[in-house]
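Input: a single structure, listed below in structure tokens.
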Amino acid sequence: MHNDISEIYFSEQDLADRVREMGEAITRDYAGVAGSDGIVVISILRGGAVFTCDLIRAIDLPLEVDFMAVSSYGNGVKSSGVVRILKDLNTDIRGRHVIIAEDIIDSGLTLKYLMQNLESRGPASMTVAALMRKNTENQADIPCRYVGFTCPDKFIVGYGLDYAERYRNLPYIGVLKPEIYQ
Ligand code: 5GP
Ligand code: MG
């Protein structure tokens with residue numbers, strides 16, 4: 001597994017430090033609005049799962065976590081722009097303060113679709129916490145309040161991100177050697 005990585009981008013420590021900061025920022029920003037109902041963190045499976053699990057433990061407020069699964073990539077490395085909901089929420093988000101926890105914004109098409117979909121359900125507010133935002137040309141204009149890192153337009157894996165369902169369990173984020181997917 002480790003031999004398939006050409007370069008480590010974000011170490012285990014980088015990730016832990018940054019995710020803790022993001023949780024602290026959310027805690028500060030939502031302290032006044034969370035109320036007794038708390039906030040709803042929506043984790044986008046499967047890539048966002050590892051990030052979400054660390055992020056929620058860094059948020060010191062009442063919260064619920066729910067999961068949505070969408071597919072936009074198949075087993076390839078470029079977004080097709082076609083988003084399908086594979087698993088929907090169990091939670092009714094009407095009137096709730098929602099934070100979408102996503103692993104990475106590339107074309108932005110997945111989040112664009114998801115935000116429109118979730119907005120139509122009438123949440124009180126909705127923001128995005130993305131662990132990474134890629135420097136991608138023509139990225140959809142996504143209002144993303146919390147961004148962990150910006151990263152170059154290279155295919156990366158680890159800390160939840162996969163290639164063909166593998167490498168999600170790497171504790172760091174690294175660049176996959178091109179010969180693995182070429
Ligand atoms: P978008 O719709 O913004 O192009 O892509 C969003 C999804 O594609 C992300 O949630 C993530 O699951 C996947 N993705 C985008 N870039 C990468 C990458 O570099 N590596 C991996 N493993 N997945 C990516
Ligand atoms: Mg994803």
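Order of appearance sets the numbers: ligands from 1, and atoms from 1 within every ligand. We're numbering straight along the sequence, starting at 1. Note that the structure is a prediction, hence the values are computed from the model and not measured.
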Next item on the list: State, without any angle test, whether Tyr167 and His2 hold a side-chain donor-acceptor pair at a distance under 3.5 Å.
Entry: no

Note to self: Can a side-chain donor-acceptor contact be found between Ser125 and Tyr30 if the only test is distance below 3.5 angstrom?
What the structure shows: no

Item checked: Pairing residues for Tyr146 by the side chain to side chain donor-acceptor pair (under 3.5 Å) criterion, not counting sequence neighbours -> Asp29

Next item on the list: Could you establish whether Gln139 and ligand 1 come within less than 4.0 Å of each other, counting only heavy atoms on the residue side?
Entry: no

Next item on the list: Please could you name the atoms of ligand 1 that Thr110 approaches to less than 4.0 Å, counting only its heavy atoms?
Entry: 1 (P), 2 (O), 5 (O), 6 (C)

Item checked: Donor-acceptor side-chain pairing of Asp54 and Tyr159 below 3.5 angstrom -> yes

Notebook entry, point to check: In terms of ring plane angle, is the pair Phe155 and Tyr181 parallel, tilted or perpendicular, where the classes change at 30° and 60°?
Noted result: perpendicular

Notebook entry, point to check: What are the atoms of ligand 1, with element, lying closer than 4.0 Å to any heavy atom of Asp106?
Noted result: 1 (P), 3 (O), 4 (O), 5 (O), 15 (C), 16 (N)

Check: What atoms in ligand 1 come closer than 4.0 Å to a heavy atom of Glu102?
Finding: 10 (O)

Next item on the list: Below 4.0 angstrom from a heavy atom of Lys154, which ligand 1 atoms are there? Numbered from 1 as shown, please.
Entry: 19 (O)

Check: Which atoms of ligand 1 have any heavy atom of Leu161 under 4.0 Å away?
Finding: 20 (N), 21 (C), 22 (N), 23 (N)

Next item on the list: Look at atom 24 (C) of ligand 1 and find which of Ile44, Leu45, Ile104 reaches it with the closest heavy atom.
Entry: Ile104

Next item on the list: Please state whether Ser107 comes within less than 4.0 angstrom of ligand 1, counting heavy atoms only.
Entry: yes

Checklist line | Residues that Thr27 engages under side chain to side chain donor-acceptor pair (under 3.5 Å), provided they are two or more places apart | finding: none

Checklist line | Nitrogen or oxygen atoms of Gly108 and ligand 1 under 3.5 Å apart | finding: yes

Margin query: Check for me whether Phe155 has a heavy atom closer than 4.0 Å to any atom of ligand 1.
Written below: yes

Next item on the list: Mind running salt bridge (Lys or Arg N to Asp or Glu O under 4.0 Å) on Asp4 and Lys177 for me, showing each step along the way?
Entry: CA-CA 6 Å; Asp4 298 346; Lys177 290 179 181 165; 6.0 Å; no

Checklist line | Residues Asp88 and Arg121 bridged, charged N to O under 4.0 Å | finding: yes

Note to self: Could you walk me through whether Arg168 and Val50 satisfy the side chain to side chain contact (heavy atoms under 4.5 Å, CB included) test, starting with their C-alpha distance in whole Å, then the side-chain angles of each, then the deciding distance to 0.1 Å, before giving a yes or no?
What the structure shows: CA-CA 8 Å; Arg168 294 194 196 275; Val50 174; 5.7 Å; no

Checklist line | Proximity winner for atom 22 (N) of ligand 1, if only heavy atoms of Asp162, Leu131, Val157 are counted | finding: Asp162

Margin query: Please list, in number order, the atoms of ligand 1 under 4.0 Å from a heavy atom of Asp103.
Written below: 9 (C), 10 (O), 11 (C), 12 (O)

Next item on the list: Just jot down the ligand 1 atoms closer than 4.0 angstrom to any heavy atom of Ile156, in number order.
Entry: 18 (C), 19 (O), 20 (N), 21 (C), 22 (N)

